[in-house]
S.K.: 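Here it is, the structure in full.
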Amino acid sequence: FDIKCRKAGLHPDCAVLVATVRALRYNGGESKEEAGNPDLEKVKKGIGNLKKHIENIAKFGVPVLVAINRFLTDSEEELQFIKSECNAVGARCALAEVWEKGGEGGKELANELLSILDEGNSKFKPLYDETLPIEEKLNIIAKEIYGADGVVIDPAAKAQIERINEMGGGKLPVCVAKTQYSLSDDPKLLGRPEGFKIKVREVRLSNGAGFVVVLTGNVLTMPGLPKHPAAENIDVTEEGKITGLF
C-alpha cells in the first residue's frame, strides 16, 4: 500500500486477508504438541491478532474480505466464531476450501469478492506522507500498524539515517523488515501485544527500488538461510557420486 501502490498509482478496490484456524490457535497459545486439535478457547484468545490486521487494512480506506483457508482439523464452532468476530468489526468473511474441493471450494470466496467490488466503496489512501522524516514515518508505522508505543533506534542506525538524508533518500517510503510471527519484533509476543517498542538496528537505502529498508529485532534478510544450510551437506565422491542431496 505505502510503497508499490504509491509508486505505481494503484488504487486497490479490496484486500483479501487470508487466515487459518490453526494460526489463530497458535496466537492463542497453542503448543506444537496440541497442533491440529480443535480448541475454541485458543481461537478466542488469538482472534485479537486477526482483528488488528483487519483494523490495519481499514486505515488505508480499503474494504477487507477475510478468507478462512479451511482445513480438515477445523471445527464448525471455530469457523462460526471467526466469522461472527469478523462481521462484528465490519469485515466480510468467506471460506476458502480449494485445498479439499478444488475450484468448487473457491466459489464462496469469489462471489463475496465480486459483491464487494460491485459496491465500489474503496477510498484508498497511504498511511503517511512520504516527505516526513524517516524517524516520523517509522513511528507512524510502529504505532498504527504494529500497535507499539514507538521505536527505539540504535545509534548505528541513527548514523545510517543521517547518511541517507545526506544522500537525498530521506523522503522515500519505508520498508520494515520484521519477524512474521508477531506484530512486534519479538516472535514470542503472540496475539495482539501491547506495551512494547520496535527496535531498529539497521537502516539501508535501496535507492533504485525507491525505498528505505529498516531492519528490526533479529530478522534475517534474504536469502534467509539457516546457520547450517543444506548446501553444506552436499559433496561429490572421487567416483563422481553426489551425496547429501536428501
Side-chain angles (χ1 to χ4, degrees), residues 1-8 10 12 15-20 22-23 26-27 32 49-50 52-53 56-57 59-60 69 126-193 195-234 244-245:
F1 283 165
D2 276 314
I3 300 174
K4 185 172 182 176
C5 291
R6 190 197 301 265
K7 293 295 181 182
L10 300 175
V16 178
L17 177 58
V18 181
T20 64
R22 183 170 177 175
Y26 173 79
N27 273 281
K32 290 182 179 180
N49 183 275
L50 178 58
K52 176 57 176 165
H53 286 293
N56 287 347
I57 294 172
K59 291 178 182 182
F60 293 88
N69 196 11
L127 183 68
Y128 55 78
D129 181 346
E130 63 182 337
T131 63
L132 291 172
I134 292 175
E135 293 92 333
E136 283 192 45
K137 287 180 281 198
L138 277 173
N139 271 294
I140 290 173
I141 295 169
K143 293 177 180 179
E144 295 294 328
I145 301 301
Y146 305 139
D149 294 334
V151 296
V152 177
I153 305 175
D154 286 351
K158 287 184 178 180
Q160 291 162 347
I161 290 174
E162 291 179 8
R163 178 59 178 151
I164 289 172
N165 288 332
E166 292 171 0
M167 293 189 290
K171 294 183 179 180
L172 294 173
V174 174
C175 177
V176 180
K178 184 186 71 61
T179 178
Q180 72 271 36
Y181 296 111
S182 172
L183 285 162
S184 73
D185 56 12
D186 181 354
K188 296 180 181 178
L189 290 180
L190 303 176
R192 185 173 181 168
F196 66 94
K197 291 188 176 182
I198 297 292
K199 303 174 187 65
V200 176
R201 61 179 175 83
E202 186 177 347
V203 183
R204 303 174 181 175
L205 175 62
S206 292
N207 200 46
F211 51 78
V212 173
V213 179
V214 176
L215 274 61
T216 65
N218 295 320
V219 70
L220 293 173
T221 54
M222 292 295 287
L225 295 174
K227 292 182 179 179
H228 180 67
E232 294 182 0
N233 300 328
I234 301 173
L245 283 178

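The figures here come from the full heavy-atom set of this structure, side chains too, leaving out hydrogens, waters and symmetry mates. If you're wondering where the values come from, they're calculated on a predicted model, not measured in any experiment.
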S.K.: Which residues pass the salt bridge (charged side-chain N to carboxylate O under 4.0 Å, His left out) test with Asp2, not counting sequence neighbours?
M.R.: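 Scan of Asp2 (salt bridge (charged side-chain N to carboxylate O under 4.0 Å, His left out), adjacent residues dropped) gives Arg6.
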S.K.: Run the side-chain contact (heavy atoms from CB on, under 4.5 Å) test on Leu190 and Tyr26 for me, step by step, so that the C-alpha distance in whole Å, both residues' side-chain angles and the decisive distance to 0.1 Å come before the verdict.
M.R.: CA-CA 8 Å; Leu190 303 176; Tyr26 173 79; 3.6 Å; yes
S.K.: Just list the side-chain donor-acceptor pairs under 3.5 Å for residues 142-153, sequence neighbours left out, or say none.
M.R.:
residue, atom, partner, partner atom, Å
Glu144, OE1, Lys59, NZ, 3.0

S.K.: Identify, with sequence neighbours excluded, every residue that meets side-chain hydrogen bond (donor to acceptor under 3.5 Å, both in side chains) alongside Asn233.
M.R.: His228
S.K.: Atom CD1 in Ile198, atom CD1 in Ile141: separation rounded to 0.5 Å?
M.R.: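 Between Ile198 CD1 and Ile141 CD1, I get 10.5 Å after rounding to 0.5 Å.
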S.K.: Can you name the ring pair (Phe, Tyr, Trp, His ring centres under 6.0 Å) partners of Tyr128, sequence neighbours left out?
M.R.: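 Partners of Tyr128 under the ring pair (Phe, Tyr, Trp, His ring centres under 6.0 Å) test: none.
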S.K.: State which residues pass side-chain hydrogen bond (donor to acceptor under 3.5 Å, both in side chains) with Thr216; sequence neighbours excluded, sorted by chain then number.
M.R.: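 Residues passing side-chain hydrogen bond (donor to acceptor under 3.5 Å, both in side chains) with Thr216: none at all.
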S.K.: Check this for me: Asp154, atom CG, are more than 12 non-hydrogen atoms of other residues, nucleotides or ligands nearer than 6.0 Å?
M.R.: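 Yes - once you tally the heavy atoms of other residues, nucleotides and ligands closer than 6.0 Å, there are more than 12.
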S.K.: Provide the full list of salt bridge (charged side-chain N to carboxylate O under 4.0 Å, His left out) pairs with a residue in residues 165-174, sequence neighbours left out, each pair given once.
M.R.: Arg163-Glu166
S.K.: The test is side-chain contact (heavy atoms from CB on, under 4.5 Å); show your working for Phe60 and Leu127 and say whether it passes.
M.R.: CA-CA 6 Å; Phe60 293 88; Leu127 183 68; 3.6 Å; yes
S.K.: Heavy-atom count around Arg22 CZ within 6.0 Å, excluding the residue itself: above 12?
M.R.: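 Open: at most 12 neighbouring heavy atoms sit under 6.0 Å from CZ of Arg22.
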S.K.: Taking only residues two or more places apart in sequence or in another chain, which ones pass side-chain hydrogen bond (donor to acceptor under 3.5 Å, both in side chains) with Lys52?
M.R.: Asn56
S.K.: Please give me the minimum heavy-atom distance between Leu17 and His53, naming the atom from each residue.
M.R.: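 That closest heavy-atom pairing would be CD2-CB, 3.7 Å.
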S.K.: Closest heavy-atom contact between Gly191 and Asn49?
M.R.: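 Shortest heavy-atom separation between Gly191 and Asn49 comes out as O-ND2, 2.9 Å.
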S.K.: What closest approach, in Å, do Ser182 and Pro187 show between heavy atoms, and which atom pair accounts for it?
M.R.: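 Of all heavy-atom pairs spanning Ser182 and Pro187, the closest is CB-CA, 4.0 Å.
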S.K.: Applying side chain to side chain donor-acceptor pair (under 3.5 Å) as the test, list every pair that has at least one member in residues 130-142; sequence neighbours left out.
M.R.: Asp129-Thr131
S.K.: Do Val174 and Leu138 come close enough that some side-chain heavy atom pair is under 4.5 Å?
M.R.: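 When only atoms from C-beta onward are counted, Leu138 and Val174 do touch, with a gap below 4.5 Å.
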S.K.: State which residues pass side-chain hydrogen bond (donor to acceptor under 3.5 Å, both in side chains) with Thr179; sequence neighbours excluded, sorted by chain then number.
M.R.: none
S.K.: Donor-acceptor pair, distance only, cut-off 3.5 Å: does the side chain of Asp185 make one with the backbone of Lys199?
M.R.: yes
S.K.: Output side-chain donor-acceptor pairs under 3.5 Å for residues 200-215, partner residues at least two apart or in another chain, one line each.
M.R.:
residue, atom, partner, partner atom, Å
Arg201, NE, Gly217, O, 2.5
Arg201, NH2, Val219, O, 2.5
Glu202, OE2, Arg204, NE, 2.7
Glu202, OE2, Arg204, NH2, 3.4

S.K.: Got a sec, which residues hit side-chain contact (heavy atoms from CB on, under 4.5 Å) with Asn165, two or more places apart in sequence or on another chain?
M.R.: Ile134, Ile161
S.K.: Working to the nearest 0.5 angstrom, can you tell me the gap between Leu189 CG and Tyr181 OH?
M.R.: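 Result: 15.0 Å between the selected atoms.
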